[in-house]
Amino acid sequence: MNEPRRYSASDVALAQFERAVAHMQLDPDLVEYLRRPRRELIVHFPVYMDDGRMAMYTGYRVHHSTVRGPTKGGIRYHPDVNLDEVRALAMWMTWKNALMNLPYGGAKGGVAVDPSQLSRNELRRLTRRFASEISVLISPEGDIPAPDVGTNPQVMAWIMDTYSVAQGHATPAVVTGKPLSIGGSEGRTEATGIGVMITATAMMEKLGMKPETTRVAVQGFGNVGSVAAKKMWERGCRVVAVSDVHGGIYNDRGLDLPKLLAHVARTGTVGDFPEGDQITNRETLTAACDVLIPAALEGQIDEQVAPDIQARIVAEGANGPCTLEGERILLEKGVEFVPDILCNAGGVTVSYFEWVQGLMSFFWTESEIITRLERLMTEAFEQVWQASREQGIDMRTAAYTIAIQRVVDAVEARGIYP
Ligand code: NAD
């Protein structure tokens, strides 16, 4: 019997990088340099559970590139977190930050843990200990974490507090995605989903698709997926399918998003929403729709499911939702991508605004933030679209060539030490 092939997010990230490099004239030594992360920290640490037992956890923080500025990237709590995944996510952050022209390098972190199995006190102790373990790397000038899968503003508040206690003074700019009460930014929680909507609708416009005749399916109904679904609905699209880890729901006439959100707030899942038919996660991906928004985890769209996908646009709310084979099949079918490093960059863009506000101790209104976000996302989309059409390359490769060139320019300006 054949062993199932182990999925490597880093293999995907490197193959995407190399595909873009093939369209560029770069010094091979620099290409070799950029293939590798700058530093990788693995920590093993103990946490006391509520029952008095001690449990050991493993966490990671990877800095892919520090060339364009302090590193920035989220922290994930999920049982499958591993070095390969964090390494890939850190590299994707380098390209995302460069594509958005934010003055950051790329990083990512995570702990292999299922946070839903921990009490609030256990989660707090785990977070504080992990923050302390990675405090050799994080700082407002050096490396600024943010939320990702399984973490939220409360987790960021505990990281900020742990770091601040060690410093002897409040240091809000050490993390972003914080609660408003300690220097969080208006609009941060919704920023990623809003960015997905801005870039997905920009692509619809390029293809001559009208919101009122566009059907949308969304996989994953967390921070990114739920807001993206709501914003697409507000724009007048028909959201026909959504799913979370427990299953999905389909309604050809369109789901009532405010009602669905209220249901999820009450029950914690979309699966048993009464106004639609229950479907599996796979059926969410293959539902009859025009725009598919994967907003869960990596590797969801593989060669098994890709042939059955009906969408004309795949807007990648998640990081790395397609395997290489899955993407190849969709590109051959003529599917247009809004690639992850563009599509979900709204989160890090507003994180950048939050960091700047924290350093200045001067805060902007929500409408100032959303206006700036819209401008940056629309400009980035337009640059990628132009590069893609001018060079006859897919949107991801176009986005990578812009991002990689900006990082290479910075390396060349700074020079290789010594
Ligand atoms: P989250 O933890 O808030 O939500 C994840 C959602 O995915 C949940 O609804 C969960 O039930 C669902 N899910 C998990 N496994 C699934 C599966 N196999 N099938 C279907 N649904 C599944 O996480 P999030 O912050 O929304 O992040 C989602 C994705 O977006 C990740 O790839 C993350 O890296 C990326 N992202 C997040 C942000 C951000 O600001 N939060 C920014 C950029 C990119």
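The structure displayed is predicted, hence computed values, not measured ones. Whatever order the structure lists ligands and atoms in, that order sets their numbers, starting from 1.
Contacts with ligand 1 closer than 4.0 Å are made by side-chain heavy atoms of R76 only, the backbone lying farther away. By the criterion of a heavy-atom distance under 4.0 Å, the backbone of A295, and not its side chain, is placed next to ligand 1. Only the side chain of Q300 comes within 4.0 Å of ligand 1, judged by heavy-atom distances.
By the 6.0 Å and 45° rule, R396 stacks over the aromatic ring of F337.
Atoms of ligand 1 found under 4.0 Å from any heavy atom of A296, numbered from 1 in the order shown, are 7 (O), 13 (N), 16 (C), 21 (N), 22 (C), 28 (C), 29 (C), 31 (C), 32 (O). The contact set between ligand 1 and R188, taken as ligand atoms under 4.0 Å from a residue heavy atom, comprises 40 (O).
Nearest residue to atom 3 (O) of ligand 1 from L89, V270, N223, V242 is N223 (criterion: closest heavy atom). One option in V245, D244, V227 has a heavy atom closer to atom 14 (C) of ligand 1 than any other, and that option is V245.
The salt bridge (Lys or Arg N to Asp or Glu O under 4.0 Å) search around D302 returns none, not counting sequence neighbours. Evaluation of the side chain to side chain contact (heavy atoms under 4.5 Å, CB included) rule for A20 yields T397, Y400, T401, I404 as partners, not counting sequence neighbours.
E190 does not count as a contact of ligand 1, since none of its heavy atoms falls under 4.0 Å from the ligand.
Checked options V47, V155, I75; the residue passing with F130 is I75 (criterion: side chain to side chain contact (heavy atoms under 4.5 Å, CB included)). With respect to H64, the ring pair (Phe, Tyr, Trp, His ring centres under 6.0 Å) criterion is satisfied by exactly one of Y33, Y104, W95, W92: W95.
Ligand 1 has a nitrogen or oxygen under 3.5 angstrom from a nitrogen or oxygen of T192.
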